[in-house]
Amino acid sequence: MPEIPDLEAIRHYLMPRLGGLTVARAAAPIPWLVRTGAADLQTLVGHQFGEVHRLGKFLLFFVDDGRILVVNPMLTGRFHWVEQDAKQPAMLGVVLGFDDGHELRYSDQRRMGRWYLAPDAASIGTVPQMEKLGPDVMGLEEEPFVAMMRSRRGQVKNTLTNQEVMAGIGNAYSDEILWEAGIHPHRKGSTLEEADWRRVFRAMRSVLEDAIRVVDETVQAEGLGRKEEWRQHLRVHRRAGGPCPRCGGEVRGQTRGGSETNYCVTCQPLFT
Ligand SMILES: [Zn+2]
């Protein structure tokens, strides 16, 4: 699932490439992905995109007439920037063709992604899921974070990944952040001291800033295609059975509802 570092890299990659190009064709081979109506997509023809922003796990493509194309790739949405005669990916969901022969393609194995065309910036708050979106993680400061977390009693991992609490962190980076902070993902918020939350905040900053840099370098060098490389730097997520990079102990894994949680029992004790 794309999280902050992945989406930042995608937007850095696409923004300069889209600049100055005009949409020549638009199609939605999987029409229901475009929640505001696949026919709506046709109204992009003749227009250009300006800035590409990220808010939580959403990408926002600003259209030259003030509209905003809002995309949430959910679990398996992927972007492709290719020449129009390039081989089509499986589960091709949306295609925007540009006047220089490039195509921005979106494929989605599980077809869960969501596209919306919002009439203006003021209305993006009405996009489903965005209505209740918490503050973006990268804009959070330590004091408000600590103040906000002290009333959170549920399991720490659930809190970090709850988009209504704060937006942008998912399954992979919550594992990385909690490993860095030495906090077990299933610890109840009510058992954490203020110093623990401060450690979580600093880990959140350092893990995400490092990952943004690493993923960005990979994507700038390799393009959007080789997504398996985007997660090679992770230290515990999807590393069950391997050694903890800090203590050498075994990284554990638990799967719940199809998503895996990984941690080191030595570095991240459940009971303190
Ligand atoms: Zn360890």
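Just follow the structure's listing: the first ligand is 1, and inside any ligand the first atom is 1.
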Side chain to side chain contact (heavy atoms under 4.5 Å, CB included) with P144: which of E142, E141, M148?
E141

Can you name the side chain to side chain donor-acceptor pair (under 3.5 Å) partners of H186, sequence neighbours left out?
none

Which atoms of the protein, restricted to N, O or S, are nearer than 2.8 Å to the Zn ion (ligand 1)?
C244 SG, C247 SG, C264 SG, C267 SG

Mind checking whether W197 and F145 have parallel, tilted or perpendicular rings, split at 30° and 60°?
perpendicular

Side-chain heavy atoms under 4.5 Å apart, restricted to Ile/Leu/Val/Met/Phe/Trp/Tyr: what other residues fall into the cluster of Y263, or is it alone?
V265

For residues 32-44, the side-chain hydrogen bond (donor to acceptor under 3.5 Å, both in side chains) pairs (sequence neighbours left out) are T43-R67

For F58 and W115, I'd like to know if the aromatic rings sit close, meaning centre-to-centre distance below 6.0 Å.
no

